[in-house]
Amino acid sequence: MMNELSRQKLDKLQNSRLTKVLDEMIALLKPERVTVIDDSAEDVDYIRRASLERGEEHALAMEGHTYHYDGPLDQARDKAHTKILLDERVDFGFATQTMARQAGLDEVRGIMDGIMAGKELFVRFFCLGPKQSKFAIKALQLTDSAYVAHSEDLLYRRGYEEFRTSHNKHDFFVFVHSAGRLEDGKSVDIDDRRIYIDLRDEIVYSANNQYAGNSLGLKKLAFRLAIARAHKQHWLAEHMFLMAVHGPDKRKTYFSGAFPSACGKTSTAMLPGQTVVGDDIIYAKEVDGVLRAVNVEQGVFGIIENVNAEDDPGIFEALNSPAEIIFSNILVSDEGKPYWLGSKVEPPSTVSKHYLGEWTPQSRDEEGNPIPLSHKNARYTVELTSLKNVDDKVHDARGVELSGIIYGGRDSDTSVPIVQSLDWEHGVMLGACIESETTAATLGQQGVRKHNPYANLDFMSVPLPTYVNSHIQMANRLKWIPRVFLTNYFLKNEEGQFLNHKLDKLAWIHWAEGRVHREYQAITTPVGFLPLYEDLAKIFVDKLGREYKESDYIEQFSLRTDAYIAKYKRMKAAFKGIRMPEPFIYQLRSQITRLQAAKQRFGDVITPEVLKNANF
Ligand code: SPV
Ligand code: MN
C-alpha cells in the first residue's frame, strides 16, 4: 500500500519509534494507500492538488487563494469531546475534560478502526518552533485530509529534515487524524467526533472533524502536549502572541501577550508600525538567565470577521493580494471572490456559495432570521511571510528576548486601560485572574464574565497550581525579569460608551515599551504602576497624531475601587478549594487588602491625582 518512493523516504529516517507507531496506526486506520510527504516543493504541491481534486478546497479567482468549508456543526473547537486521557485521576483545579486512559484509547481506537478504508493516508513531518533550535519539538502528522495537511504547511515549519538529522530520537509528538466519512467534502459523522489526548505516549487521536482547532494536530492538540512537557522540564508553553514594539532609535522590544478570544489579541500583535513574530502560541525558556521565546507556528489562522481596510489594513491588504491563502467558511461569489462579515464590502446579490449551501441576501433560517453571509468563526490561513509586518526574527533559532508580558480581557467596568504589575509575582496573579465578558461572538448570554486564567483554560493539561508555580519559579532563574502589564481595551462609562478608540492600544504598548527601558515615571497604586498623564499625552501626539485630553485620562485611569474589590473577591471564590501556591495566595489576599485600605482612605473612585499624592 506504500509505493517505493514513500518507503525510501521512511527508510532514510531510521527511526524505530516512527516505524513502530506507523505500523500500528496503519493497522488501525486501514488506508488504501500511504503517501509519505517530505519537505520538497513537489511533495507539498501534491498535497495542494489533492485537496482541490477531492473537493476539500476549491480555487478562488485570485492566484494562490482557495477556500474550504467545514460542516455546519464543525465550525469551532469541540470542547465536550476533547479529553485528556489519564492513568490516574488528577485534580486540575479547574474543569478540564479528562477520561481514564485505557477506556479513552479503546473508545477512540474503536471509532478509528478502518476509518481510512478506501482513502489515502498522508504522512507528514513538522517542526514546532524554529528549525535547529533548542526550542523545537518534532511532530508526526498522520491524516487523510489533504486540507489539514495543506493548512499545516502554511502554519508550521516542515520537519522531514529535522527527523532525518535527529538520529533515531523518540521525543516527537504524534497526531493521528481522520476527517471520517465525507459528503460534499465535509465530515458528516459528527456524533462520533472525538479528540483524545494521550499525555503518556504524547499521541493525539482526532476523528470525524475538519475544523482546524480540532483537526490540525500541530495547533491546539500539540499545545496541550507541550504544556504538559514544559512544566516537567521547567519552561513555558503559552497561548500568547509575540511581537516587537518599535521604540525610539530603531529599538525593538519584544512582548508576548495572552488574551481570551475576541479581546484584541491578533489586533495587538498586528498594530501598525510594529512587527509580528506570532499570534497564537509561544514556547519560552530561560537561556543564560534571559527569558527567550519563539513562535511555535509560522502562519496565522485568524478570525476574518471585521477584517476590513480601516480596522485591519495590513491583513486586509494581504487577503486581497496573490499569495497562498486558505479561506474557510466565507461566502464565495460566482466570480470566485470571497466575502465575509464586517469586511465593509457589499456582498453580491446573486446566488453565492455558503458553508450551509447556497446563499443570497434574502436567505433566512427556519425561524425567519437572516442567515449571516459568513460564520462568526470563519477564518483565513496564511503564512506570516505573506504579511508585510512580519518581524525579521521570525525564524531565529535562538528566539527573541522577552522583555514584557501583556495580559488582557474584556472588562467594561473595572480595570484601567493599562497598568504595570508591582512585580513578577503580582503579574503572575494578574494573569491567573483574567476574566472576559462574553460577546455576541461567543455562544450563550452576552456580558457574562468568564474566568480564563492566562487565556489558557481550554488547553490546561497540568493542574492550575502547577502552572502558576512554574510561572513563579521562572523568575528565580532569570537575571532580568520581564515586566508584566495588564490591558483593558473595553472600559466603558456609565452610559455604556467605550472610553477608548480602537487604536489607543498603540499608546498603551508604547508606554509599556518605555517602562521596560525605565523611560517613564509611574504612579504606584494598590493595583500596580499607572502611567502619568504627561507621558501618555506625548505618546498620543507622537504615535496617534492626536491630543489626549486630561479629562479622558482622569476618567480612564481613576481607580474604581468597589468594582476592583468585587473582582478580586470573585477571584478569591474562584480559587477557593484549589491548593494554589503560597505566593499566589499572598498576592491575591494583599491585593484585596490594599484596595480596601485605599477605599477607606479615599472612597470608591480615586483619581490619578489623589493616587499620586497618596504615596502608596
Ligand atoms: C483559538 O480559539 O484560540 C484559536 C483558534 O486560536 S483554534 O484553532 O480554534 O484554537
Ligand atoms: Mn488561540
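Both counts, for ligands and for their atoms, begin at 1 and track the order of listing. As a basis for the values below, the full set of heavy atoms in this structure was taken, side chains included, without hydrogen atoms, waters or symmetry mates. Starting from 1, each residue takes its place in the sequence as its number.
Judged by a 6.0 Å distance limit and a 45° cone about the ring axis, K285 is positioned over the six-membered ring of F135. Annotation: cation-pi geometry satisfied between K492 and F498 (NZ/CZ under 6.0 angstrom from ring centroid, within 45° of ring axis). Annotation: cation-pi pair R224/F459 absent, no NZ/CZ under 6.0 Å from the ring centroid and within 45° of its normal.
Ranking the protein heavy atoms by distance from atom 6 (O) of ligand 1 puts K220 NZ, 2.7 Å first. The protein heavy atom nearest to atom 9 (O) of ligand 1 is Y211 OH, 2.7 Å.
Atom NZ of K344 has more than 12 neighbouring heavy atoms from other residues, nucleotides or ligands inside a 6.0 Å radius.
Within the listing of ligand 1, atoms 7 (S), 8 (O), 9 (O) sit less than 4.0 angstrom from a heavy atom of G213. Heavy-atom proximity to D280, at under 4.0 Å, picks out these atoms of ligand 1: 6 (O). Taking every heavy atom of F301 and a limit of under 4.0 angstrom, the matching atoms of ligand 1 come to 8 (O). For ligand 1, the atoms sitting less than 4.0 Å from at least one non-hydrogen atom of H239 are 3 (O), numbered in the order shown with element in parentheses. Ligand-side atoms of ligand 1 in range of K219: 8 (O), range being under 4.0 angstrom from any heavy atom.
Residues D411 and S415 have side chains that bring a donor and an acceptor to within less than 3.5 angstrom of each other.
Within D280, the N/O/S atom positioned nearest the Mn ion (ligand 2) carries the name OD1.
Side-chain contact between I84 and M99: absent, with no pair of heavy atoms (C-beta onward) separated by less than 4.5 Å. Counting heavy atoms from C-beta outward, I326 and H150 have side chains that approach closer than 4.5 Å. Residues Q274 and L271 have side chains in contact (heavy-atom distance under 4.5 Å, counting atoms from C-beta outward).
Here atom 1 (C) of ligand 1 lies nearest to R77 when heavy atoms of Q75, E297, R77 are compared.
Contacts with ligand 1 closer than 4.0 Å are made by side-chain heavy atoms of R379 only, the backbone lying farther away.
Between NZ of K220 and NE2 of H239, the angle at the Mn ion (ligand 2) works out to 100°, rounded to 10 degrees.
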